[in-house]
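Notes follow the structure.
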Amino acid sequence: MLEGNVFKASLANLRGSKQTVLEKEIAKEQSTALGKAGRRLKAALEAYEADKTCQFRRHIEEWHIQQLTEAVYALMVTREFLGFVDCNLEWICQQYPLPQAVLKNLAPANQLEYLQQEWHYR
């Protein structure tokens, strides 16, 4: 009778360890995605600051603002997918010194303008 109980216990253990392995793999992928998004934003900020000191000789300022806006949006979406939804943009602004133009790009003046510009909505 003891053998049956040992089998059930080891089967439950196996299920638990497989779930733990899967959960660890998912957490690893999530942290990798979050890290990539953060590094992308950091690199875009560094490029902006470096070019700013040279009076934007390499790229125009608007190009950098667009790159920064896309990187901020990617980080926001990644954080939201991982459950960091409260004060998401505020946290990003605390961690990264964003130019004001980036924040203006994130909040279009009106929704129709945004749809026309980004999605070619007519």
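What you see below is based on every heavy atom in this structure, not just the backbone, and it leaves out hydrogens, waters and symmetry mates. Throughout, numbering of the chain's residues begins at 1 and tracks the sequence.
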Hphob cluster co-occupancy, W63 + V102, side-chain heavy atoms under 4.5 angstrom: no
Would you say that V21 contacts E25 through its side chain, given a criterion of any heavy-atom pair below 4.5 Å between the two side chains? no
Salt bridge or not between E70 and R40? Use side-chain N to carboxylate O under 4.0 Å. yes
Do Q94 and E90 have side-chain N/O donor and acceptor atoms under 3.5 Å apart? no
Applying side chain to side chain contact (heavy atoms under 4.5 Å, CB included) to R79 and V85, what does each step give before you reach the verdict? CA-CA 7 Å; R79 287 176 50 81; V85 293; over 6 Å; no
Evaluate whether atom CZ of F56 has more than 12 neighbouring non-hydrogen atoms of other residues, nucleotides or ligands under 6.0 angstrom away. yes
Closest heavy-atom pair, L68 versus L45, reported as atoms and distance to 0.1 Å, is CD2-N, 3.5 Å
Atom SG of C54 and atom NE2 of H59: how far apart are they, to the nearest 0.5 Å? 12.0 Å
Please round to the nearest 0.5 Å and tell me the distance separating atom CG of L41 and atom OG1 of T69. 10.0 Å
Would you name the heavy atoms of A71 and A44 that are closest together and state the gap between them? CB-CB, 4.5 Å
Under 4.5 Å between any side-chain heavy atoms of Q30 and I26, yes or no? yes
C93 vs L103, side chain to side chain contact (heavy atoms under 4.5 Å, CB included): CA-CA, chis, key distance, verdict: CA-CA 9 Å; C93 289; L103 299 176; 3.7 Å; yes
Rounded distance (nearest 0.5 Å) linking atom CG of L82 with atom CD of E29: 11.5 Å
State, to 0.1 Å, how close R39 and T32 come at their nearest heavy-atom pair, and which atoms those are. NH2-O, 4.5 Å
Is a donor on one side and an acceptor on the other found under 3.5 Å between the side chain of D51 and the backbone of R57? yes
Please round to the nearest 0.5 Å and tell me the distance separating atom CG of L106 and atom OH of Y73. 9.5 Å
Should T78 and F81 count as side-chain neighbours, where that means a heavy-atom distance under 4.5 Å? no
Least distance between heavy atoms, E61 atom then Y48 atom: OE2-OH, 3.3 Å
Identify the two heavy atoms, one from L75 and one from G38, that lie closest to each other, and give their separation to 0.1 Å. CD1-N, 3.9 Å
